[in-house]
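Structure, as structure tokens:
Just so you know, these numbers use all the heavy atoms, side chains as well, and skip hydrogens, waters and symmetry mates. Quick caveat, the model's predicted, so the values are computed rather than measured.
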Amino acid sequence: MTDRVGGADGTGGTGGADAGPAGRRPREVDAAWRLTLLAVVAALLVWVLGSFLVAPTGLDELSEVSGRAGAYRQLAVSAGITAVLLAGWLTVGRYMRAGRGWARTVLTVLTLLSLLFTFADSGMDGPWPDGWALFSALPDLLATAAVVFMHLPGARGHFPSRTRQPA
């Protein structure tokens with residue numbers, strides 16, 4: 001059976017030397033995929049905890065401004081947008097796992113931008129972030145670890161490089 005993202009051999013369609021020994025994906029790429037999955041789960045967990053459990057909750061803050069019905073409506077929109085973004089993250093992650101270099105680049109750039117915003121935001125509450133701020137950075141830290149694994153020497157052969165044609 002052929003994988004929609006990759007080839008029938010499970011290598012993501014890269015085959016040959018790009019697939020590593022015995023036609024398998026490099027361990028680094030598999031580790032990056034698992035870290036990506038963990039980052040997505042962590043992002044979902046952070047959204048749920050921040051919206052409903054960690055004081056002051058997003059629900060409480062929105063209720064003060066928009067009333068309870070407005071707060072639920074805004075959280076529903078937020079949940080929908082979060083679901084779309086997480087699904088996109090997983091989709092690009094699958095393409096990365098399949099050996100698409102563009103997907104590795106997209107994940108790298110978006111992770112770096114997200115990390116930049118996380119660090120910029122961490123100083124807003126004072127010089128030392130609290131436990132919630134550290135926990136809410138977990139998805140970014142996991143995504144960063146995934147990016148590091150994607151760029152390790154053992155993973156580079158999985159992503160075909162484009163050769164430039166002389167002008």
Side-chain angles (χ1 to χ4, degrees), residues 1-8 10-14 25 28-126 128-151 155 158-159:
M1 179 171 197
T2 303
D3 182 5
R4 288 182 57 189
V5 175
T11 63
T14 58
R25 252 186 309 276
E28 295 86 352
V29 172
D30 285 333
W33 170 245
R34 285 191 295 276
L35 286 165
T36 299
L37 292 176
L38 286 172
V40 167
V41 169
L44 184 61
L45 182 64
V46 165
W47 184 88
V48 169
L49 291 175
S51 296
F52 300 106
L53 297 174
V54 176
T57 68
L59 179 61
D60 292 340
E61 290 178 340
L62 289 171
S63 294
E64 288 177 16
V65 175
S66 304
R68 205 62 152 175
Y72 282 123
R73 196 170 32 258
Q74 287 178 328
L75 282 177
V77 169
S78 174
I81 291 170
T82 299
V84 168
L85 291 174
L86 294 179
W89 191 357
L90 287 174
T91 300
V92 175
R94 284 197 60 209
Y95 279 105
M96 175 280 302
R97 187 176 185 222
R100 306 299 193 271
W102 65 265
R104 179 176 70 161
T105 301
V106 166
L107 290 171
T108 300
V109 169
L110 292 179
T111 297
L112 291 174
L113 286 173
S114 182
L115 239 133
L116 177 70
F117 287 120
T118 296
F119 285 127
D121 185 50
S122 68
M124 296 294 192
D125 293 327
W128 301 105
D130 62 2
W132 172 246
L134 293 173
F135 181 77
S136 64
L138 181 63
D140 295 313
L141 298 175
L142 290 168
T144 301
V147 166
V148 167
F149 273 96
M150 287 178 224
H151 290 277
H158 186 67
F159 303 100

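- Side-chain atoms of Val92 and Arg100, non-hydrogen and from C-beta on, never get closer than 4.5 Å to each other.
- The closest side-chain heavy-atom distance from Phe52 to Leu75 is below 4.5 Å.
- Contacts of Ser66 classified as side chain to side chain contact (heavy atoms under 4.5 Å, CB included), with partners at least two apart in sequence or in another chain: Gln74.
- Between Thr111 atom OG1 and Leu116 atom CG the span is 12.5 Å, to the nearest 0.5 Å.
- Checked against side-chain hydrogen bond (donor to acceptor under 3.5 Å, both in side chains), Thr108 has the following partners two or more places apart in sequence or in another chain: His151.
- If you take CZ on Arg25 and CZ on Arg97, they are separated by 4.0 Å, rounding to the nearest 0.5 Å.
- In terms of modelled atom types and a separation under 3.5 Å, the side chain of Arg104 and the main chain of Met150 share a donor-acceptor contact.
- To the nearest 0.5 Å, atoms OG1 (Thr118) and CG (Leu134) are separated by 11.0 Å.
- Remark: Phe135 pairs with Trp132 by the ring pair (Phe, Tyr, Trp, His ring centres under 6.0 Å) rule, at least two apart or across chains.
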Without placing hydrogens or testing angles, list every side-chain donor-acceptor pair under 3.5 Å for residues 31-46, not counting sequence neighbours.
{"unit_1": "Thr36", "atom_1": "OG1", "unit_2": "Ala32", "atom_2": "O", "d": "2.8"}

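- Among residues two or more places apart in sequence or in another chain, the side chain to side chain contact (heavy atoms under 4.5 Å, CB included) test is passed with Leu53 by Leu49.
- In this structure Thr144 satisfies the side-chain hydrogen bond (donor to acceptor under 3.5 Å, both in side chains) test with no other residue, sequence neighbours excluded.
- A side-chain contact (heavy atoms from CB on, under 4.5 Å) with Met96 holds for exactly one of Thr91, Leu107, Val147; it is Leu107.
- Qualifying side chain to side chain contact (heavy atoms under 4.5 Å, CB included) partners for Thr57, counting only residues two or more places apart in sequence or in other chains: Leu59, Asp60.
- Between Leu86 and Leu90, every side-chain heavy-atom pair lies at or beyond the 4.5 Å cut-off.
- Annotation: side chain to side chain donor-acceptor pair (under 3.5 Å) contacts involving residues 77-90, sequence neighbours excluded, comprise Trp47-Ser78.
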